[in-house]
Amino acid sequence: MAFAYKTREHVAETVQNITESSEIPANEGGAECSQQEKDIRECLRRTKQALLLSETRLARAQKIACMGSWEWDIASGDLYWSAELYRIFGLTVGEPATITMEWLYTRIHPLDVVAFKTAVRNTVKSGVALDINYRIISGNESEIVVNSQGELEYDESGCARLISATTLDITARINAESKIQQLINYDSLTGLPNRSLLHDRLHLAIAQASREKQLLGVLMLDLDRFKSINETLGHRTGDKLLKAVAQRLLACIRDSDTLARLGGDEYVAILAGVAHEEGIATVAKKILAVVAEPFYIDGNEIFTTCSIGIATYPTDGEDSHTLLKHADLAMYQAKEMDRNRFQFFSREMNNLVLERMMLENSMRKGLERGDFFLVYQPQIDARSGKIFGMEALLRWHHPDMGLLPPDRFIPLAEENGLIIPLGEWVLRTACRQNKAWQDQGLPLVRVAVNLSAKQFGQYHLDEVVASTLLETGLDAEWLELELTESAIMKEADKNIALLTKFKEMGISVAIDDFGTGYSSLSYLKNFPINRLKIDRSFVRDITTNPDDAAIARIIIDIARSLNLSVIAEGVETRAQMQFLSFNNCVEMQGYLFSRPVPAEEFAELLLNGLTI
Ligand code: C2E
Ligand code: MG
Ligand code: MG
């Protein structure tokens, strides 16, 4: 039998009607009510009031909590619904007047009906508490998510009698959770899985490929020259291109495959369930072809290509990190050989070459990501103990290898040409920092920036330096460029012209590591330079090794005769300081005064001075 419309409010109302109309039989003779009758009436009235009050409270509490309740009589199939439950379902309270389980099933999302029935059946059969999330179709046909929790109640003979449950609208919570999930796991630009979800998916794909004895292809791809597209057409167009590329890539893979974006213009595709490498190569070819088709964005016809590196499971690695690393290396190789091609990872690649490639690759990304930073080491005048300058020194916070000193990566950057953008970044950052300190009212000091020979020889360095000063607002007198002897000597005539331009601009130039290269005095005389830096290898044993002491003295003399300043680097002890001061070299830099320190610490030194 279907239960008649029954909410708790309705029950309360019914009680009220019954009691109001119920005639308590008059006693015989129609005389006034006996005391006993009066007591019964009073008791009934109080009970009714208490019941009404408790029902009203319950309804209010349910409303506040947005929680409905229901009871299902197992034997009869009767379903009792609270008013709040009608509201949760987007229905007018009492419509429909009769609620059955069959009707309820029609309001549950078709994909969740089986789960709901199973959960209810389990509760009835085994007495486990009911706890299930499911979607329902609300009165206005919108979809909401609810959670029902309930318990089984038994009759006196111990048989399951009814399920008493609550239902809560959890749509907002689920939406918030899925938004968080979306933020954690997906790339906000393209909506594709991000690096973190990629690792999870790859992990699962590896497990499945291992069970089913199948191949897995990991394709790492990167757009060729995306940076220049971004720079010429702007970031908005660049972003649209990245989205359009994602759409084309999705069209090349199956629904069961994963396409992720790692950031920038890097994508990874996981191809599962492949029988042969040829299958993977076919997809790679397809990708190259669709990416090479022109894109039409914001009225621009954009041509681009991509390079693809492929690693396969199990041949090229058995875990997600190794596979991604090898796909990355193969991609890098594809770019090196000739762009717009794909390349399978090859084990023949020598380990050292691999390491270098990795480093080179991550250096590129590190520059974009901001993994590089500068530390500053004070240069002091030993007579006054005052800081008159500082040297900016580069550091790399590598995501996997930790903090790397310049010796570990500058030679590589010089070889692969990255020293150019890296060097420009150093120059800009050092000038901007110095200007910021000056604007804060800190003492005015000169910042020395190291230039590599590659930077010196390759392009219009004077223009780069001039525009950096203009951009950062730093006055030329507060910048010094440090160059090594060999850098200057390489194309001496050309370099004299460049150094002259620096001099005209008001920038000073120091020769770094002086004494280690071959120094031709006649040349030195012609170079418009300001300062010699005695290499720290001579300073180290200056008080114990007579040869080093002699060289240091000679350098100081040369400086004096050429009318140049001289500074000693690598001063670590008081004895070294005293020797140098005694020999008229008063400018010093070294651990004795301070190690190179991060910008914030250097500002403190500028403000409070050094204590040695
Ligand atoms: P450098 O220009 O001769 O810099 C001085 C080096 O000596 C720095 O090493 C500094 O930390 C270290 N040093 C300073 N005081 C002492 C001391 O008292 N004792 C000892 N043992 N060492 C001291 P760092 O920072 O590792 O730099 C090494 C080299 O890397 C630099 O030698 C420079 O040639 C190069 N470098 C650093 N930053 C840059 C940069 O931004 N661009 C270029 N092209 N080269 C850079
Ligand atoms: Mg230097
Ligand atoms: Mg040096």
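Remember, it's 1-based here, ligands and their atoms both numbered in the order they're listed. Keep in mind that the numbers below use all heavy atoms, side chains included, and drop hydrogens, waters and symmetry copies.
Among protein heavy atoms, the minimum distance from atom 21 (N) of ligand 1 is reached at E572 OE2, 3.1 Å. When hydrogens are left out, the protein atom nearest atom 3 (O) of ligand 1 is D513 OD1, 3.1 Å; that is the closest non-hydrogen contact.
Residue-level proximity to ligand 1 for D407 is carried by the side chain, the only part with a heavy atom below 4.0 angstrom. At a 4.0 Å heavy-atom cut-off, ligand 1 does not touch R595 at all. Looking at N450 against ligand 1, both its backbone and its side chain come within 4.0 Å, counting heavy atoms. Here V571 has backbone heavy atoms under 4.0 Å from ligand 1, and that is the only part of it that gets that close. At a heavy-atom cutoff of 4.0 Å, ligand 1 is contacted by the side chain of P406 but not by its backbone.
Evaluation of the salt bridge (Lys or Arg N to Asp or Glu O under 4.0 Å) rule for K227 yields E231 as partners, not counting sequence neighbours.
None of D239, D187, D222 except one satisfies the salt bridge (charged side-chain N to carboxylate O under 4.0 Å, His left out) rule with R261; the exception is D187. For the pairing with D224, the side chain to side chain donor-acceptor pair (under 3.5 Å) check across T304, T305, N340 returns one residue only, T305.
Donor-acceptor pairing under 3.5 Å is recorded for the side chains of Y332 and E360.
The number of protein N/O/S atoms found under 2.8 Å from the Mg ion (ligand 2) is 4.
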